[in-house]
Amino acid sequence: MGRVITVATVLVALIFAASASALMRAPAKSGRMHGALGPATCPAGVPTQAITVVDQARVKPAVLAGLTRAITAQSMQLRTAWGTPCVTFGPGGWRLYLKVGGQPHGVHLWYGQPFALVWTGGGTVKSWSRDFSHEILEMLVDPETNRSVYHDGVGRIVEVADPVEWDGYRLDGVFVSDFVLPAWFAGATTGDPTCVGTSCSFPGPELASADSAGPYDEMRLLGAPWQGTDSS
């Protein structure tokens with residue numbers, strides 16, 4: 001899952017740095033490169049960002065196709081709140097590596113360009129689709145993993161899925177990660193010394209507390225949050 005920059009995150013980055021270099025240069029045979037797996041749904045004229053899925057977990061193409069279509073739809077919800085690009089899936093984009101080992105989880109990093117690793121744990125797509133969604137959401141909002149805000153001298157990374165990382169919702173039949181809106185960071189500043197007045201502040205009167213449940217979904221774009229394990 002996306003993490004704030006802490007000592008632990010720095011260690012993770014160091015651990016993956018060497019392998020990342022090899023992964024970024026790896027030929028297609030290191031995993032199945034998936035192109036456009038479903039109909040393009042990004043509206044004409046909307047900026048797009050390609051994601052290249054390197055499927056080292058051998059996920060069934062039909063399952064991955066349904067997941068990627070849902071993420072493209074979700075990227076338009078994210079765009080409404082954050083102004084980010086619409087996601088397409090195909091070659092030449094930011095790489096997302098699907099891997100098998102461990103429990104389902106993910107991490108997004110920067111190594112010359114954004115990339116992400118998502119571990120499926122060998123489980124069904126319902127067990128890791130939120131991790132897949134989570135990392136893409138956070139890559140779109142903070143591609144270089146360096147977008148920070150400050151409030152009362154305390155820094156916080158703009159990781160839009162972390163504050164609600166146990167929440168999700170069903171989109172086109174796929175469980176995807178919830179995310180916070182800019183108002184969650186309301187009243188924080190970027191810490192940029194070139195800021196004048198409030199020109200570099202997030203809008204709103206105050207910063208939401210660390211245990212706040214929102215105000216995500218204040219635009220009423222999302223379905224009801226999914227809690228816990230789906231039994232259907």
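Not measured: the values here are computed from a predicted model.
Here Lys126 contributes atom NZ and Leu67 contributes atom CG; the two are 14.0 Å apart, rounded to the nearest 0.5 Å. Atoms CG and CH2, from Leu98 and Trp119 in turn, are 11.0 Å apart once rounded to the nearest 0.5 Å. For the atom pair NZ (Lys99) and CG (Asp55), the distance works out to 11.0 Å, reported to the nearest 0.5 Å. We find the CD-CH2 distance between Gln49 and Trp94 to be 4.0 Å, quoted to the nearest 0.5 Å. A distance of 8.5 Å separates CG in Asp162 from OG in Ser177, rounded to the nearest 0.5 Å.
Taking both residues in full, the closest heavy atoms of Leu181 and Ala81 are given as CD2-CB, 3.4 Å, listed atom of the first, atom of the second, then distance. Of all the heavy atoms in Gly123 and Trp128, the pair that sits closest is O-NE1, 3.4 Å. Pro104 and Ser127 make their closest contact through CB-O, 3.3 Å (heavy atoms, listed as atom of the first residue, atom of the second, distance).
Residues meeting the side-chain hydrogen bond (donor to acceptor under 3.5 Å, both in side chains) test with Ser133, sequence neighbours left out: Gln74. Val63 is linked by a side chain to side chain contact (heavy atoms under 4.5 Å, CB included) to Val59, Lys60, Val125, counting only residues two or more places apart in sequence or in another chain. Remark: Ala116 pairs with Leu96, His108, Glu135, Met139 by the side chain to side chain contact (heavy atoms under 4.5 Å, CB included) rule, at least two apart or across chains.
In this structure, the side chain of Thr52 engages the main chain of Gly93 through a donor-acceptor pair within 3.5 Å. Distance alone, capped at 3.5 Å, is enough to place a donor-acceptor pair between the Glu138 side chain and the Ala161 backbone. In this structure, Thr145 contributes its side chain and Leu109 its backbone to no donor-acceptor pair below 3.5 Å. The backbone N or O of Thr84 sits less than 3.5 Å from a side-chain atom of Arg79, completing a donor-acceptor pair. At least one donor-acceptor pair closer than 3.5 Å links the side chain of Asp142 to the backbone N or O of Arg147.
The shortest distance between side-chain heavy atoms of Ser148 and Ile157 falls below 4.5 Å.
Applying the disulfide (SG to SG under 2.5 Å) test to every pair with at least one member in residues 92-180, sequence neighbours left out, gives no pairs at all. Residues in residues 120-155 take part in no disulfide (SG to SG under 2.5 Å) pair, two or more places apart or across chains. Pairs passing the disulfide (SG to SG under 2.5 Å) check and including a residue from residues 64-131, sequence neighbours excluded, read Cys42-Cys86.
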Original post:
Leu140 and Trp82: side chain to side chain contact (heavy atoms under 4.5 Å, CB included), yes or no, with the steps?
Top reply: CA-CA 9 Å; Leu140 289 169; Trp82 287 95; over 6 Å; no
Original post:
Step by step, would you call Asn146 with Trp110 a side chain to side chain contact (heavy atoms under 4.5 Å, CB included)?
Top reply: CA-CA 9 Å; Asn146 63 358; Trp110 167 265; over 6 Å; no
Original post:
Can you check side chain to side chain contact (heavy atoms under 4.5 Å, CB included) on Arg130 and Asp178, steps first, answer last?
Top reply: CA-CA 8 Å; Arg130 281 190 304 159; Asp178 212 334; over 6 Å; no
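The residue from Leu117, Val118, Val107 that alone fulfils the side-chain contact (heavy atoms from CB on, under 4.5 Å) condition with Asp131 is Val118.
Ring planes of Phe132 and Phe89: parallel class, angle under 30° (limits at 30 and 60°).
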